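To start, the structure itself, in C-alpha cells.
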Protein chains: 2
Amino acid sequence: MRLVFVSQNGSSNEVEQDLEDILQRGGELYHPGFSIDCAIFGFHANQLKVLLLKVKNTGRWALPGGFMLKNEDVETAAARLLKARTGLEHVFLRQFYLFGDLARNDEAFNRQRLRKENIQASAEHWFLQRFLTLGYYALVDFAQAVPRPDYISEDCAWWDLHEVPALMLDHNRILDKALETLRLQLTYQPIGYNLLPEKFTMTELQCLYETILGRKLDRRNFLRRIQSYGILRRLDERRDGVAHKPPYLYRFDLPAYEQALRQGLNGAW
Amino acid sequence: MRLVFVSQNGSSNEVEQDLEDILQRGGELYHPGFSIDCAIFGFHANQLKVLLLKVKNTGRWALPGGFMLKNEDVETAAARLLKARTGLEHVFLRQFYLFGDLARNDEAFNRQRLRKENIQASAEHWFLQRFLTLGYYALVDFAQAVPRPDYISEDCAWWDLHEVPALMLDHNRILDKALETLRLQLTYQPIGYNLLPEKFTMTELQCLYETILGRKLDRRNFLRRIQSYGILRRLDERRDGVAHKPPYLYRFDLPAYEQALRQGLNGAW
DNA sequence: TCAAAAGTGTTTCATTTACACCCATGA
DNA sequence: TCATGGGTGTAAATGAAACACTTTTGA
C-alpha cells in the first residue's frame with residue numbers, strides 16, 4: 001500500500017496509484033479542492049466514442065479524472081491522466097470549463113464511497129471537501145488507445161456517444177459541455193488529426209464531422225470545403241477490400257494543419 | 001480589524017474586506033489555492049478600456065480579483081467581485097480560462113507583500129501557497145460603473161487597452177487571453193449591450209467592433225451586417241449637438257439580443 | 001449482374017466586398 | 001461657406017447549396 005512512481009518507456013513518470021493510499025495521503029499530495037475530468041473522444045466504426053470508467057462501489061460510469069499534484073502544471077496533470085487511461089501522449093487536449101457550483105458536490109455520495117472502501121475519514125478528510133473540477137477534452141486515435149481502468153474503477157470502456165448512460169455526479173453535464181465546445185470549435189479549427197488513423201478516406205472524415213455536428217452534409221460540398229482549407233493530401237493509395245469502388249486515402253499535411261490550428265480557419269468578421 | 005458583512009440595497013451581501021484580516025483568516029474563509037481575476041472591459045470615447053487596480057506595496061497595476069468563499073458558487077464569487085469593483089450587477093460576465101501552470105506563482109513576491117504589511121506568516125500560510133486563478137471577463141457600461149479600490153489597492157482606474165502597463169504577475173497574459181476570447185466570441189455572439197449606453201449611434205457600435213478586432217470596417221457593410229442580426233432598433237431620435245449631420249440613435253432589442261446570445265449567430269458549418 | 005459507395009461539375013442563390021455621392025449640422 | 005461625419009445603393013466577386021450520373025469493386 002505504497003505510492004509508487006513508475007517510470008515508463010524511460011520517457012515520463014506516471015503516478016501509479018492505489019485507492020486506499022490515495023485517500024489517506026491525498027491531502028499531502030494533491031492541490032486541495034481541485035480535480036480534473038477528461039472527456040476523451042475517439043472515433044470508430046463511424047461513431048464518435050467517449051471513454052468511460054465504471055467506478056467501484058457506485059455502479060456508476062464516470063469520466064476519467066483525477067487530481068493535480070502540488071508541484072505539477074495543470075496541463076501536465078491533464079496529460080498524465082490522459083496517458084494513464086489511454087497510454088497516449090502528445091494528442092489534442094484542451095481545457096474547456098471549470099465547473100464550480102456548490103451543487104456539484106455530493107458529500108454523502110463520497111462518504112459512502114469511503115465507507116465501502118472501509119476507510120475511516122473525519123469530516124475534514126480532503127476527499128470530502130468541496131471540489132472544483134476542470135473539464136478537459138481530448139481527441140485520440142481510437143485504434144492506438146489502450147483503455148486501462150484505474151485504481152478507482154473496475155472497468156474502462158468506449159461508449160457510443162448516443163448510448164452514454166446516466167453518469168456519476170455532474171459528469172453528464174461536463175460531457176455535454178465538452179461536446180458543445182467541440183462543435184463550436186469545428187467552425188474555426190480543423191479537426192480530425194488524432195481522431196483518425198494516419199490514412200483515412202474522405203468519407204470517414206466527413207462521417208466524423210457529421211457525427212460531431214449531428215447532421216448530414218453533402219458529399220461534394222464537403223470535399224470542396226475541406227480541400228479549400230489546404231490541410232489534406234490525397235495519396236495515390238486507395239483503400240481496397242471493399243465491395244465498391246475503392247476510395248482514395250488521405251493524410252493530414254501536418255505543417256499546414258498545425259498552422260490552421262494556430263491561426264484558425266475563417267472567422268466571420 | 002474585523003470582517004464585516006455589509007448588506008447593500010437590501011438585495012445582496014457584499015464581503016467588505018480588510019487586508020490584515022483577510023490575510024490572517026483567509027485560510028478559514030476561502031476555498032484553498034484558488035482565486036478569480038476579472039478583465040472588466042468598458043467603452044468610452046471610442047476606446048476600449050479595462051479596469052485596473054494599483055496594488056499596495058508593489059507599485060504594480062493588476063486585474064481586480066479575489067477569492068471564493070468556501071460555500072459560494074464560482075459564478076457568484078465572480079459576480080460579487082465585479083460588483084465590489086464597479087457597483088454593477090447583472091452584466092455580461094463569463095469565465096474563459098483557468099491559469100494553472102506552476103510558473104505563475106511567485107512566492108517571493110507574495111512574501112514581500114506580507115512583509116510590507118507587517119504580517120507574520122509561516123511557510124504554510126494560505127496566501128503563500130500555490131494558486132490557480134480562473135479568468136473572467138466582463139463587459140460593462142463605462143458610464144454606470146463606479147470604480148472603487150479594494151482593500152489591497154491604493155487606486156482603481158480605467159486604462160486604455162493600448163496603454164496598459166506591465167502588470168503584476170501573469171496578469172498581462174490573462175488580459176491578452178481575455179481579449180483573444182472576446183475577439184473570437186465576436187464571430188458567433190452579439191456584443192455591445194452592457195458595453196454601450198442604452199442609446200447609441202451606429203458609428204459608436206462600429207467603433208466598438210473595430211476596437212475589439214483591431215481593424216477598420218466598411219461603414220455601409222457594417223450597417224448591413226448588424227441589421228441582418230435583427231438585434232437593433234433604430235429610434236426616431238437623433239444625436240444632436242454635433243457639427244455634422246445628426247446620426248440616428250439605436251437601442252438593442254433585448255429579447256432578440258438575448259436569443260442571439262443563446263443561439264449564436266451564424267456558424268460556419 | 002447487382003448493390004454499394006466513390007468520384008466528379010455546374011447552376012443557382014446568397015453573401016461579401018468594394019466603392020462614391022449628397023445631406024445636415026455647428027462652427 | 002466650410003469641414004465633418006451621416007445616410008444610402010449597386011455591381012462584381014466570392015462562397016455556399018442543391019443536385020445526378022458514371023465508375024469500380026466484391027459478393
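Chain letters run A, B, ... following the sequence lines, proteins first, then strands; residues in each count from 1. As the structure is a prediction and not an experimental result, all values here were calculated from the model.
To the nearest angstrom, P of C/dC19 lies 17 Å from NZ of B/Lys216. If you take CZ of B/Phe222 and C1' of C/dT15, they are 17 Å apart, rounded to a whole angstrom. Separating the CG atom of A/Leu205 from the P atom of C/dA6 is a distance of 13 Å, rounded to the nearest angstrom. B/Arg225 places its CZ atom 7 Å from the P atom of C/dT17, with the value rounded to the nearest Å. Going from atom CG of B/Asn46 over to atom P of D/dT4 covers 17 Å, rounded to whole Å. The nearest whole Å value for the distance from the CE atom in A/Met202 to the P atom in C/dG7 is 8 Å. Nucleotide C/dG7 holds its C1' atom 17 Å from the CD1 atom of A/Ile226, rounded to whole Å. Rounded to a whole Å, the CG atom of B/Leu217 is 17 Å from the P atom of D/dG5.
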message: For a quick check, with a 4.0 angstrom heavy-atom cut-off, what is the B/S/- contact string for nucleotides 8-14 of chain D, read 5' to 3'?
response: BBB----

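B/Gln185 and B/Tyr137 are linked by a side-chain donor-acceptor pair at a separation below 3.5 angstrom, with hydrogens and angles left out of the test.
Shortest non-hydrogen contact noted between B/Ile191 and B/Leu186 is CG2-CD1, 3.4 Å. Contact detail for A/Glu210 and A/Leu217: the closest heavy-atom pair is OE2-N, 2.9 Å. Scanning all heavy atoms of the two residues, the minimum distance from A/Pro149 to A/Glu154 falls at CB-C, 4.5 Å. When all heavy atoms are compared, the tightest approach of B/Arg183 to B/Ile212 is NE-O, 2.6 Å.
Of the options B/Arg94, B/Gln263, B/Arg262, a side chain to side chain donor-acceptor pair (under 3.5 Å) to B/Gln189 is made by B/Arg94 and by none of the others.
For C/dA6, one of the phosphate oxygens OP1 or OP2 lies less than 4.0 angstrom from a side-chain nitrogen or oxygen of A/Thr203.
Ring orientation note: the planes of A/His44 and A/Phe142 are close to parallel, at an angle under 30° on the 30°/60° scale. Note on ring orientation: taking the six-membered ring where Trp is involved, the planes of A/Tyr250 and A/Phe200 are parallel (angle under 30°, cut-offs 30° and 60°).
When ring centroids are compared, A/Phe41 and A/Phe43 stay outside the 6.0 Å threshold.
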Could you write out each protein N or O paired with an N or O of nucleotides 23-26 of chain D at a distance under 3.5 Å?
residue : atom : partner  : partner atom : Å
D/dT24  : O2   : A/Lys245 : N            : 2.6
D/dT25  : O2   : A/Ala243 : O            : 3.1
D/dT25  : O2   : A/His244 : N            : 3.2

